[in-house]
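In what follows, a structure is listed as structure tokens, so that the remarks can point back to it.
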Amino acid sequence: MPVTDVLPCNALLAIARQAIAKALRYRYAALDLYELDSPLLQLERASFVTLESDGRLRGCIGSLYARQALAEDVRHNAIQAALNDPRFQPLLPHEPIRIKVSVLSPLEEMDVANETELVRQLRPGLDGILIRVGYHQATFLPDVWQSLTTPEAFMQALKQKAGMASGELDSDLMQAWRYSTQICSEPDEKSIELGQ
């Protein structure tokens, strides 16, 4: 599915919300791919599911590589964001949340000789970036440009997230990839209990 295809947003958001609701009750939420209307949901794509509460991050988990059907990827990541994001306590059924699903384009390796060149090639507002140096890696979705508006700030925060030194990255070990996202987002927050 090219990143320009129109996503079945209502279906993706319903899959995420229903998966969370079932997981909160049973800790498992099966998905029957054959019952899905859109063939786009059955194509292999990577996704992130972001949960927000009162305008603040409440959980975000995703995958960078397409290894399963998009619907299954969203189901899995929704449950992980609700229950297993190590930065937050597990979601409670009565908590109002807003769900956002980001569907990633395939990763595109960037041909850069050093960190300065990488920063120069960043496209604010458009690029999601994955960097890797040895065992350290981190990614930021394109949404992060809303709070880190310059390429320098974006890169510095990304290195910090990866646990890398603040100085110039070792160009011999550095790898970087860019990707874009299509986003499906709920308009309002509602609790899992009420919003199934």
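The residues of the chain are indexed from 1 along the displayed sequence. For the numbers below, each heavy atom of this structure counts, side chains included, while hydrogens, waters and symmetry mates do not.
- Remark: Cys184 pairs with Cys9 by the disulfide (SG to SG under 2.5 Å) rule, at least two apart or across chains.
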Can you list the steps and then say if Ser53 with Arg98 is a side-chain hydrogen bond (donor to acceptor under 3.5 Å, both in side chains)? CA-CA 6 Å; Ser53 181; Arg98 178 174 171 250; over 6 Å; no

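- No salt bridge links Arg120 with Glu117; every basic N to acidic carboxylate O contact stays at or beyond 4.0 Å.
- The backbone N or O of Glu109 lies less than 3.5 Å from no partner atom in the side chain of Arg178, so there is not a single donor-acceptor pair.
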Carefully, step by step, assess Glu186 and Lys100 under the rule salt bridge (charged side-chain N to carboxylate O under 4.0 Å, His left out). CA-CA 6 Å; Glu186 292 180 330; Lys100 182 165 50 176; over 6 Å; no

Run the salt bridge (charged side-chain N to carboxylate O under 4.0 Å, His left out) test on Glu115 and Lys159 for me, step by step, so that the C-alpha distance in whole Å, both residues' side-chain angles and the decisive distance to 0.1 Å come before the verdict. CA-CA 11 Å; Glu115 182 180 338; Lys159 291 192 306 184; 2.9 Å; yes

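- With hydrogens and angles disregarded, a donor-acceptor distance shorter than 3.5 Å links the side chain of Glu189 to the backbone of Asp54.
- Atom CG of residue Leu107 and atom CE of residue Met110 lie 12.0 Å apart, to the nearest 0.5 angstrom.
- Side-chain atoms of His136 never come within 3.5 Å of backbone atoms of Met164 as a donor-acceptor pair (strictly under, hydrogens ignored).
- Distance alone, capped at 3.5 Å, is enough to place a donor-acceptor pair between the Glu95 side chain and the Leu92 backbone.
- Nearest heavy-atom pair across Leu141 and Cys60 is CD1-SG, 4.5 Å.
- Looking only at distances, a side-chain donor or acceptor of Ser105 sits under 3.5 Å from a matching main-chain atom of Ser180.
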Decide yes or no on side-chain contact (heavy atoms from CB on, under 4.5 Å) for Ile131 and Met155, but give the supporting numbers first. CA-CA 9 Å; Ile131 58 169; Met155 190 65 193; 3.9 Å; yes

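- The backbone N or O of Gln68 lies less than 3.5 Å from no partner atom in the side chain of Asp73, so there is not a single donor-acceptor pair.
- A distance of 7.0 Å separates CZ in Phe88 from CZ in Arg58, rounded to the nearest 0.5 Å.
- We find the CG-OH distance between Asp127 and Tyr179 to be 9.5 Å, quoted to the nearest 0.5 Å.
- Residues satisfying the side-chain hydrogen bond (donor to acceptor under 3.5 Å, both in side chains) test with Asn10, not counting sequence neighbours, are none.
- Using a 30° and 60° split on the angle between ring planes, Phe140 and Phe154 fall in the perpendicular class, above 60°.
- The OG atom of Ser63 sits 11.0 Å away from atom CD of Glu44, with the distance rounded to the nearest 0.5 Å.
- Separation of atoms CG (Leu41) and CZ (Arg75) is listed at 14.0 Å; rounding is to 0.5 Å.
- Distance CG/Leu91 to CG/Asn84: 11.5 Å, rounded to 0.5 Å.
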